[in-house]
There are 2 protein chains.
Amino acid sequence: MARPREFDIAKALDGAMRVFWRQGYKATNLPDLLCAMKLTRGSFYKAFGDKGAVYYHALERYDEEVVSANLAALKACDAPDATTCLMPMFTLSDAADHGCFICNAMVEVAPDNPKVAQKTQEMADRLKQGILGVLEVRDVGLSPAHRTDLAEMILHLYFGFQAMGKSGRAQDDWEGRIRRLLGEG
Amino acid sequence: MARPREFDIAKALDGAMRVFWRQGYKATNLPDLLCAMKLTRGSFYKAFGDKGAVYYHALERYDEEVVSANLAALKACDAPDATTCLMPMFTLSDAADHGCFICNAMVEVAPDNPKVAQKTQEMADRLKQGILGVLEVRDVGLSPAHRTDLAEMILHLYFGFQAMGKSGRAQDDWEGRIRRLLGEG
DNA sequence: GTAGTTAGGAACTGATTGGTTTCTAATTTA
DNA sequence: TAAATTAGAAACCAATCAGTTCCTAACTAC
């Protein structure tokens, strides 16, 4: 006894993810957000509550889509060396030329939003585990502690890379660097 | 034949630097900014023009004060190993528990402000040169190209470290990692 | 058909935004 | 003393902000 929802919640959140990813939280106003979600104000507030809630859901979708796809690619890689598998993380694709949503959320939103802070940490941990998995399958000579350290360093390199990318800095030869870091030179 | 300015421009910009550093550009409104600069609206607009101009000046002051102090410390360090000299960069002091202003500006402002983008790149380059200086005095066995690569990696590690720090993540043993990265283990 | 829920659109709220103007009083140099 | 410039406070501006309300129309299940 009710008219069914016409828009697709997942698709709407996809649009929200994209616009928050590109513009950040504060810089995205309601009209921007509604346009990206293809929703009107009424439907928006009835379905999601408020802007902050949608931002969190957008983070969740980034986790489910982008991060998961990233992890799957790391896992599926069959190159014999770890560097080759990790390189895509250090190639700014056209689709992601606005940086990494996790990094953006950490810097802009996390400091005064504990829920977002925790979510970004969880996502960073997932990435780290993915990197660790790549190392475990290959550089078997390393001690587990050393391997964890390397994964953490690559994760930090990744975030630093993403942050600097947002200033438009030209990117350099990361393959050689990662290779040397992992002793695969 | 004119009443002299009573407030200290440098001190006012210092206050602006602190509040922008802590809160970011968008999250800092005029009342916040005026309070931090200890200025009234009238004096503010007459002396500086607008909020955006003050943000840029705040970045410049960060460069002159914080970055310069950082570089001076790197240069003055007399420890025999590079790691010991670089470690302070990876220790979040109380004074800077809101991260690194350069990193914040890169992520929040640089994407749609070319002047800020260029300034952050210049500041990052200064940091890199400082790191490079530390390496040049010590690890003389390295080739120049390898040394530049290492400096760039440490710079990226630093920015990644700062970004992740904003999510409140507990910090781990960076001394061991840097030491191993530089072959000083 | 009717109850219940949705969509879409528009109007509206109260608060806040960055920025301007206008006033008086103070302080300087010539 | 007179011209010039500042400080400080307040009122004011138009625009924008997130969020609410109200309306009609559409749709589904009972």
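Proteins come first, then strands; the chains are lettered A, B, ... in the order of their sequence lines, and each starts at number 1.
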inquiry  = Before you tell me yes or no, could you show the steps for A:Val66 and A:Trp21 under side chain to side chain contact (heavy atoms under 4.5 Å, CB included), namely the whole-Å CA-CA distance, both residues' side-chain angles and the distance that decides it to 0.1 Å?
reply    = CA-CA 11 Å; A:Val66 182; A:Trp21 182 3; 4.3 Å; yes
Side chains of B:Arg5 and B:Ser43: any donor to acceptor distance under 3.5 Å? no
From CG of B:Asp8 across to P of D:dT6 the rounded distance in Å is 16 Å
Judged by nearest nucleotide, the residue sitting upstream toward the 5' end of DNA chain D, B:Gly42 or B:Pro4, is B:Pro4
When rounded to whole Å, the CG to C1' distance for the pair A:Leu30 and C:dA11 reads 15 Å
When B:Thr28 and B:Glu6 are each assigned the nearest nucleotide of DNA chain C, the 5'-most assignment goes to B:Thr28
Taken to the nearest whole Å, NZ/B:Lys51 to C1'/C:dT16 is 12 Å
Ignoring hydrogens and angles, are the base of D:dG19 and the side chain of A:Arg41 linked by a donor-acceptor pair under 3.5 Å? yes
Rounded to whole Å, the CZ-P distance (B:Phe44 to D:dT6) equals 16 Å
Separation of C:dG19 atom C1' from B:Asn29 atom CG, nearest Å, is 13 Å
ask   = Any Lys/Arg nitrogen of A:Arg179 or A:Glu175 sitting under 4.0 Å from an Asp/Glu carboxylate oxygen of the other?
value = yes
The single option from B:Leu132, B:Leu127, B:Val134 that satisfies side-chain contact (heavy atoms from CB on, under 4.5 Å) with B:Leu74 is B:Val134
- Message: By the 4.0 Å heavy-atom rule, please label A:Ser43 as base, sugar-phosphate, or nothing.
- Response: sugar-phosphate
Between OH of B:Tyr45 and C1' of C:dT21 the distance, given in whole Å, is 13 Å
The correct set of residues in residues 31-39 of chain A placing a heavy atom under 4.0 Å from DNA chain D is none
Residue set satisfying disulfide (SG to SG under 2.5 Å) with A:Cys85, at least two apart, ordered chain then number -> A:Cys77
Side-chain contact check for B:Arg5: nearest option of D:dA18, D:dT6, C:dG19 is D:dT6
note: A:Gln23, atom CD; D:dC17, atom P; distance rounded to Å ~ 11 Å
Separation of D:dT6 atom C1' from B:Phe48 atom CZ, nearest Å, is 14 Å
Taking C:dA7, D:dT6, C:dG18 as options, the one with an atom nearest any side-chain atom of A:Phe7 is C:dA7
Side-chain atoms of A:Thr40 come closest, of C:dG9, C:dG18, D:dA7, to C:dG9
Legend entry - Aromatic ring proximity B:Phe20/B:Tyr56, centre distance under 6.0 Å: no
- Message: For B:Ala82, is there any backbone N or O sitting under 3.5 Å from a side-chain donor or acceptor partner on B:Glu184?
- Response: yes
